[in-house]
Protein chains: 2
Amino acid sequence: MKLSANEEYGLRCLVRLAYAGFEERALTIPEISQAEGVSPAYAAKILRVLRKGGFVKAARGKEGGYTLARPAASIRIGDVIDALGGRLFESDFCDTHAGQAPICTRSVDCSVRSLWRAVQVAVDQVLSKTTLRDLLQNEEEMNSWVRTIPGANGLRLIQ
Amino acid sequence: MKLSANEEYGLRCLVRLAYAGFEERALTIPEISQAEGVSPAYAAKILRVLRKGGFVKAARGKEGGYTLARPAASIRIGDVIDALGGRLFESDFCDTHAGQAPICTRSVDCSVRSLWRAVQVAVDQVLSKTTLRDLLQNEEEMNSWVRTIPGANGLRLIQ
DNA sequence: GCTAATCTATACTTAATAGTCAAGATTACT
DNA sequence: AGTAATCTTGACTATTAAGTATAGATTAGC
Ligand code: FES
Ligand code: FES
């Protein structure tokens with residue numbers, strides 16, 4: 001249960017593009033790569049995923065670069081994370097368990113599955129209510145915003 | 001953001017041991033391996049992690065096998081998952097970002113970090129309130145139980 | 001003490017993810 | 001048309017996670 005490298009860097013690239021969008025500015029791979037501290041080749045690979053997911057668009061040639069494909073407020077972070085790293089608990093998760101025969105406690109009636117589903121729902125509750133626009137604020141503002149997510153209102157971010 | 005194989009199988013092994021505990025029975029590696037549909041060698045590897053985490057204890061020799069190290073009600077699933085697969089967002093996560101120089105949007109003031117923290121809190125809210133004892137019920141019972149978790153009360157398990 | 005059943009430890013192989021490289025395609029500018 | 005800046009693609013290598021193999025240690029029962 002780890003964030004993948006794609007998720008970590010991909011989201012950060014998107015945020016950076018969103019900021020650049022304020023000034024109607026496209027960012028090139030070298031710019032993004034340097035800003036995020038990853039190699040240009042790797043940045044390119046990540047940007048490709050984001051492009052195929054429909055979150056950014058690219059312009060080639062001189063004066064080219066990447067921009068958001070649509071307004072930050074209409075980009076759900078949940079969708080972004082799905083594109084970059086898949087879901088924690090896919091709906092076919094239990095079809096692909098290792099063994100064939102005596103799967104789980106009681107096959108079709110499994111409390112563990114219920115737990116995983118609950119965790120996925122908890123994650124989705126945060127990620128599907130957050131848009132890229134929401135990430136364009138400083139950490140403190142973001143902390144208080146997160147507390148307003150319905151269903152997650154008990155969240156204590158300060159440990 | 002995927003469940004690791006360790007997490008998936010490790011938790012299932014624990015649940016099985018908990019059921020066996022009802023009858024004061026130890027389970028051997030061959031038994032567990034067959035029940036969960038993984039190789040004996042792999043089951044052994046997973047059981048070792050669980051043992052080192054203090055969740056199960058092993059008895060060697062004839063009549064040996066694994067049993068829970070303590071009552072199911074005192075085994076928090078959050079702790080189990082931590083031992084099996086680490087946390088989504090470790091506290092030093094942002095210290096270990098790739099590049100050195102211009103980390104994240106504004107280094108010490110990062111909205112992305114706040115979001116990851118919120119996701120981690122959401123996950124913990126489910127996992128730290130669930131004990132192994134809670135998993136010893138059927139799926140339907142488990143579903144309704146999960147809905148009672150404070151802060152997660154908006155959870156809809158049926159999609 | 002011997003044996004068979006059991007766990008334990010470490011090393012090894014395979015598969016998946018992370019990250020790099022190089023050749024090609026597009027565009028703006030002159 | 002030529003050139004330099006840019007994205008695009010697929011193949012490659014490196015690192016980590018998943019899974020296997022093997023030899024050793026412990027215990028119960030005879
Ligand atoms: S049936 Fe998939 S976790 Fe139990
Ligand atoms: S500082 Fe770590 S995600 Fe921004």
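None of these values were measured; they are calculated from a predicted model. A note on names: the letters A, B, ... follow the listed sequences, proteins ahead of strands, and every chain is numbered from 1.
Using a 4.0 Å heavy-atom distance criterion, A:A41 is classed as a base contact. At the heavy-atom level, B:R48 lies under 4.0 Å from base atoms of the strands shown. Residue-level contact check: B:L27 touches the backbone only, with heavy atoms under 4.0 Å from sugar-phosphate atoms and none from bases.
Distance NZ (B:K57) to C1' (C:dT8): 18 Å, rounded to an integer number of Å. Rounded to a whole Å, the CD1 atom of A:I29 is 6 Å from the C1' atom of D:dC7. Atom P of nucleotide C:dA22 and atom OH of A:Y42 are separated by 19 Å, given to the nearest angstrom. If you measure from atom NZ of B:K45 to atom P of C:dA11, you get 13 Å, rounded to the nearest angstrom. In this entry the distance linking NZ of A:K62 with P of C:dA28 reads 12 Å, nearest Å. Atom CZ in A:R60 sits roughly 6 Å away from atom P in C:dT26 (whole-Å rounding). Atom CD1 in A:I32 sits roughly 12 Å away from atom C1' in D:dT6 (whole-Å rounding). The nearest whole Å value for the distance from the CG atom in B:L50 to the P atom in C:dC7 is 14 Å.
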Please set out all donor-acceptor pairs under 3.5 angstrom arising from side-chain atoms of residues 72-86 of chain B, sequence neighbours excluded.
{"residue": "B:S74", "atom": "OG", "partner": "B:P71", "partner atom": "O", "Å": "3.0"}
{"residue": "B:R76", "atom": "NE", "partner": "B:D79", "partner atom": "OD2", "Å": "3.4"}
{"residue": "B:R76", "atom": "NH2", "partner": "B:D79", "partner atom": "OD2", "Å": "3.3"}
{"residue": "B:D82", "atom": "OD1", "partner": "B:R87", "partner atom": "NH1", "Å": "3.4"}
{"residue": "B:D82", "atom": "OD2", "partner": "B:R87", "partner atom": "NH1", "Å": "3.3"}

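Note on B:Y9: every side-chain N or O is 4.0 Å or more away from OP1 and OP2 of D:dA17. In this model, the phosphate group of D:dT6 is not approached by any side-chain N or O of A:T28 to a distance below 4.0 Å at OP1 or OP2. Here B:S4 does not reach the OP1 or OP2 of D:dA17: none of its side-chain N or O atoms lies under 4.0 Å away.
Closest contact between the side chain of A:R51 and the listed nucleotides D:dC7, D:dG19, D:dT8 involves D:dT8.
In this structure, the side-chain hydrogen bond (donor to acceptor under 3.5 Å, both in side chains) partners of A:T131, at least two apart in sequence or on a different chain, are A:D134.
Under the 30°/60° scheme for interplanar angles, the aromatic rings of B:F93 and B:F89 are found to be tilted.
With rounding to the nearest 0.5 angstrom, the CD1 atom of B:I46 is 12.5 Å from the CZ atom of B:R48. In this structure, CG in A:L14 is found 12.0 Å from CZ in A:R16, a value given to the nearest 0.5 Å.
Residue-to-nucleotide proximity on DNA chain C shows that, of B:E63 and B:K2, the 5′-proximal contact is made by B:E63.
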